Amino acid sequence: MGQSLSIRQLEAWYGTNQTLKGINMEIAANQVTAIIGPSGCGKSTFVRCINRMHETLPGSKVKGEIILNGESIYGQDPVSLRKTVGMVFQKPNPFPSMTIFENVVAGVKLNGMRNRQNLQTIAEKSLRMAALWDEVKDRLNYSGMSLSGGQQQRLCIARALAVEPSVLLMDEPASALDPIATMRIEELVGQLKSEYTIVIVTHNMQQAARIADTTAFFLNGELVEHGPTSEIFTNPRDKRTEDYITGRFG
Amino acid sequence: MSTDNNRLYESMGDKVLRYVTLLMAILVVILMIWIGWQMFSSSQESIQHFGWAFITSRVWDPVHHIFGALPFIYGTIVTSVVALIIAAPIGISVAIFLNEMAPSTIRKVVAFLVELLAAIPSVVYGLWGIFVLAPVLRQSVEPWLTKWFGFIPWFKGAPVGFDMFGGGIILAIMILPTITSISREVMAAVPTAHREAALALGATKWEMIRLSVLSYSKSGILGSIMLGLGRALGETMAVTMVIGNMPKISSSLFSSAYSMAAVIANEFTEATYSLYLSSCIEIGLILFGITLLLNIFARLLVWSVARGPKGGHLV
Ligand SMILES: Nc1ncnc2c1ncn2[C@@H]1O[C@H](COP(=O)(O)OP(=O)(O)OP(=O)(O)O)[C@@H](O)[C@H]1O
Ligand SMILES: [Mg+2]
């Protein structure tokens with residue numbers, strides 16, 4: 001099941017450069033939340049705060065509070081938090097020295113699962129969910145790098161799904177993909193939301209309109225507006241949102 | 001045919017660059033072959049005289065005109081292997097520590113100090129070996145090892161201090177900078193994206209190092225070890241000062257021995273007749289051959305490690 005997130009007064013820095021300036025936002029469970037906004041406005045930084053990846057960079061700093069299912073994420077061990085909050089990156093990053101199979105089960109193995117039979121079941125289930133199974137089922141012991149960019153991205157999605165997180169963060173997962181691969185990932189997101197809470201960063205506003213239940217518009221490190229997707233796109237409350245979605249800037 | 005097309009459009013500068021670099025590459029190859037050939041032809045006398053027995057004979061007796069290289073080959077290989085066994089784990093650990101754990105000020109200072117080790121002349125290492133290392137080995141380390149691990153043939157025997165163990169330790173210190181700095185560079189080159197892939201799955205720091213850093217850089221680390229081994233095989237001065245310079249073959253590391261580079265350096269000037277001289281040169285030829293074979297083997301090893309699973313294209 002998905003879990004809800006509550007972000008309170010979140011601020012983030014790279015060195016002295018403040019990237020997030022006090023974000024307050026509620027993310028409902030089992031919904032797709034799209035994050036949109038111009039390049040450099042802090043979308044990636046925002047999702048990287050949710051699984052505490054931001055603070056792994058040297059010189060970075062975070063302030064504020066994120067509550068996951070009623071519990072502060074800063075009171076938890078980041079290692080176990082990241083098993084609950086999975087992430088798919090903008091650029092596909094399969095482990096280059098591992099086979100397709102090993103890539104999918106890498107996270108499960110970290111959790112101590114060793115039984116070959118179980119691993120195979122998990123791998124097949126995750127690859128099916130990521131709509132990759134049919135393409136790779138005959139060559140699971142090939143390198144993950146032997147796949148196309150779009151397949152690699154679905155492999156990374158399968159890898160994230162295999163550990164069964166409650167929240168799935170996706171940072172522009174389709175930005176490097178062709179329209180067909182993009183469509184498959186969008187379909188996938190639609191199917192996954194019954195079991196996951198999904199936060200997806202996208203530059204593509206049609207994509208946000210197609211897949212997201214709610215959409216949040218970020219600008220210069222601030223959350224300008226967050227509401228039901230249909231409202232954001234047809235009847236935005238803020239002038240800046242309207243300018244952005246109508247393409248007048250950004 | 002597309003290459004021909006490309007050449008047609010090649011600019012004058014590119015053409016010059018291509019021929020100049022090609023010339024340099026050919027020059028290096030010629031130099032290698034020339035050195036090898038020179039040694040081969042200068043060692044003809046001993047090759048004719050002893051044949052393959054030169055390599056398998058244990059006797060090195062200039063007074064009776066009998067020469068065999070086995071003790072030197074043995075001493076060189078054993079000290080180099082001891083050096084690797086000590087230096088590889090330490091060097092890789094230091095590289096991991098510096099790259100992944102140390103705060104950046106400590107990283108800079110320690111990395112500088114380790115690289116400084118490479119700048120110390122080997123004769124200084126030799127002096128340190130004579131005045132510091134050998135006495136410590138003789139008085140404390142070796143008796144202790146004999147007491148507790150004496151059942152292993154390597155650690156048997158009366159400690160002398162000037163032995164293969166000391167030679168191996170000196171070499172280990174000398175190749176440590178090579179292994180550390182090259183491993184550190186390949187580890188630093190691991191893209192952040194690969195590290196984050198592991199962390200985002202809920203990997204601990206060590207699991208991240210294992211999954212992303214080490215598996216990504218293992219061929220480079222292997223390469224650094226092989227470079228270190230190459231340096232150990234050829235090192236002359238420091239080894240000759242601590243190894244004891246006795247052409248013996250013993251299973252005990254606590255026994256004096258001799259190395260190929262050391263015997264050449266020590267006896268070349270004393271080689272008063274041509275067979276003696278020719279034998280020294282043949283030892284050089286063997287050292288050259290071993291180094292060459294080792295490098296070919298290392299290349300193959302690095303390739304096979306880098307290839308990874310089917311369809312991959314690492315490195
Ligand atoms: N590793 C970093 N070091 C320093 N500054 C950074 C780093 N990453 C991002 N920034 C800065 O933080 C700000 C927000 O970056 P972020 O990556 O969150 O933007 P984004 O909204 O995801 O942009 P894009 O749509 O281009 O991916 C930018 O101004 C950027 O320059
Ligand atoms: Mg981004």
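Just so it is clear, the structure is predicted and the values come from calculations on it, not from any experiment.
Note that CE of A/Met53 is 5.0 Å distant from CG of B/Leu199, once rounded to the nearest 0.5 Å. To the nearest 0.5 Å, atom CZ of residue B/Arg195 and atom CG of residue A/Leu57 are 11.0 Å apart. Atom CE of A/Met87 sits about 11.5 Å away from atom CG of B/Leu201, to the nearest 0.5 Å. We find the CD-CZ distance between B/Glu196 and A/Phe89 to be 5.0 Å, quoted to the nearest 0.5 Å.
Taking both residues in full, the closest heavy atoms of A/Val79 and B/Gly202 are given as CG1-O, 3.3 Å, listed atom of the first, atom of the second, then distance.
Of the atoms belonging to A/Arg159, heavy atoms from both backbone and side chain fall under 4.5 Å from chain B. Only the side chain of A/Thr56 comes within contact range of chain B, with at least one heavy atom under 4.5 Å from a heavy atom of that chain. The contact between A/Pro94 and chain B is made entirely by backbone atoms, counting heavy-atom distances below 4.5 Å.
At distances below 3.5 Å, at least one donor-acceptor pair connects side-chain atoms of A/Asn93 with backbone N or O atoms of B/Ala193.
Heavy-atom contacts from other residues, nucleotides or ligands closer than 6.0 Å to CD1 of A/Ile180 number 12 or fewer. No more than 12 heavy-atom neighbours from other residues, nucleotides or ligands sit within 6.0 angstrom of CZ on B/Phe112. The local environment of CH2 in B/Trp154 is sparse, with at most 12 non-hydrogen atoms from other residues, nucleotides or ligands closer than 6.0 Å. Counting heavy atoms of neighbouring residues, nucleotides and ligands inside a 6.0 Å radius, atom CZ of B/Phe297 does not exceed 12 of them. Heavy-atom contacts from other residues, nucleotides or ligands closer than 6.0 Å to NZ of A/Lys137 number more than 12.
Taking 4.5 Å as the limit, every side-chain heavy atom of A/Phe95 sits out of range of all side-chain heavy atoms of B/Ser215. Residues B/Tyr216 and A/Ser97 have side chains not in contact (no heavy-atom distance under 4.5 Å, counting atoms from C-beta outward).
The residue among B/Ala200, B/Ala198, B/Pro191 with the most heavy atom pairs within less than 4.5 Å of chain A is B/Ala200.
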